[in-house]
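Shown next, in structure tokens, is the structure this report addresses.
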Amino acid sequence: LRTAPPVLPHVSLFGKERVHGGDTLTDVERLARDEWEVRFTAQRILADHLRFEPHDETAGQPSFDRDTSNAFWRDIDLDLSHSSLTEFSLRNCQVRKGTFHGTIFVGGANFERTMFSGDANFGASTFLGDGHFRGATFDDYAGFVETRFYGHAQPGAPTTSDRAWCRRATFARDNRGEVGMADFSRA
């Protein structure tokens with residue numbers, strides 16, 4: 001006779017469910033929640049200090065006329081290589097150099113109207129959700145070599161650089177069997 005393997009109750013990351021022996025996971029859950037909150041807060045602080053205010057919202061042109069003594073961090077080189085970022089957004093931000101080599105973007109990643117005045121390296125990174133780059137500008141190298149997109153990739157990004165690379169980028173099928181799409185019409 002074959003016996004079925006024991007059925008373990010579902011464990012919720014933030015719930016109060018129990019696993020074998022009645023042990024609760026409240027300490028583990030609390031640590032996971034606290035780590036997520038710290039990561040999300042750090043991401044928000046970065047975006048808050050890198051965001052520029054558009055002078056004319058319809059034109060999408062940046063304005064640096066406001067008082068930037070404490071708010072805007074000018075000429076930042078941002079290196080988040082090999083990190084794991086959740087629902088990451090640098091929408092309307094300016095970065096001199098952005099390095100995201102090997103980074104895993106969980107959920108959506110929003111780089112709409114982000115200005116990269118130096119290199120932008122997304123090589124070997126993974127987008128587990130949609131990657132939004134509409135209106136982003138790349139003034140120097142823009143690298144997406146061996147980048148994997150598991151959601152929709154929306155580059156549509158104008159660039160003044162002649163050094164934009166998308167070699168061996170992968171656009172995978174989603175759970176419905178649909179191929180992720182990319183629009184390089186303005187790249």
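In this text the structure is predicted, and so the values were computed from the model without any measurement.
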(message) If the condition is side chain to side chain donor-acceptor pair (under 3.5 Å), which residues does Arg44 pass it with, not counting sequence neighbours?
(response) none

(request) Sequence neighbours left out, what pairs pass salt bridge (Lys or Arg N to Asp or Glu O under 4.0 Å) with at least one residue falling in residues 75-86? (result) Asp77-Arg96

(request) Write out all pairs satisfying side-chain hydrogen bond (donor to acceptor under 3.5 Å, both in side chains) with one or both partners inside residues 99-110, taking only residues at least two apart or from two chains. (result) none

(message) I want to check something: taking the side chain as every heavy atom from C-beta on, are Asp140 and Phe116 in contact at a cut-off of under 4.5 Å?
(response) no

(request) Output all residues satisfying side chain to side chain contact (heavy atoms under 4.5 Å, CB included) with Gln43, sequence neighbours left out; order by chain, then residue number. (result) Phe40, Leu85, Phe88

(request) Working to the nearest 0.5 Å, report the span between OG1 of Thr86 and CZ of Phe105. (result) 11.0 Å

(request) Look only at the side chain of Arg91 and the backbone of Arg113, and say whether a donor-acceptor pair between them is shorter than 3.5 Å. (result) no

(message) With rounding to the nearest 0.5 angstrom, report the CH2 to CG distance, Trp73 to Leu78.
(response) 9.5 Å

(request) Could you tell me the separation between the CG atom of Leu50 and the CD1 atom of Ile45, rounded to the nearest 0.5 Å? (result) 11.5 Å

(message) List the residues meeting side chain to side chain contact (heavy atoms under 4.5 Å, CB included) with Glu35, not counting sequence neighbours, and say none if there are none.
(response) Arg39

(request) Taking all heavy atoms of Val95 and all of Ile76, pick out the closest pair and write down the distance. (result) CG1-O, 3.4 Å

(message) Could you measure the distance from the SG atom of Cys93 to the CZ atom of Phe111? Nearest 0.5 Å is fine.
(response) 9.5 Å

(message) Count I, L, V, M, F, W, Y as connected when their side-chain heavy atoms are under 4.5 Å apart, and connections chain through other members. Are Val106 and Tyr150 then in the same cluster?
(response) yes

(request) Return the set of residues passing side chain to side chain donor-acceptor pair (under 3.5 Å) with Ser89 (not counting sequence neighbours), or none when no residue passes. (result) none

(message) For Phe72, is there any backbone N or O sitting under 3.5 Å from a side-chain donor or acceptor partner on His49?
(response) no

(request) Evaluate the side-chain proximity of Phe133 to Thr114: yes if any heavy-atom separation is below 4.5 Å, no if none is. (result) no

(message) Quick check for you: to the nearest 0.5 Å, what is the distance between Asp139 atom CG and Asp119 atom CG?
(response) 10.5 Å

(message) To the closest 0.5 Å, what do you measure between CG (Asp130) and NE2 (His152)?
(response) 6.5 Å

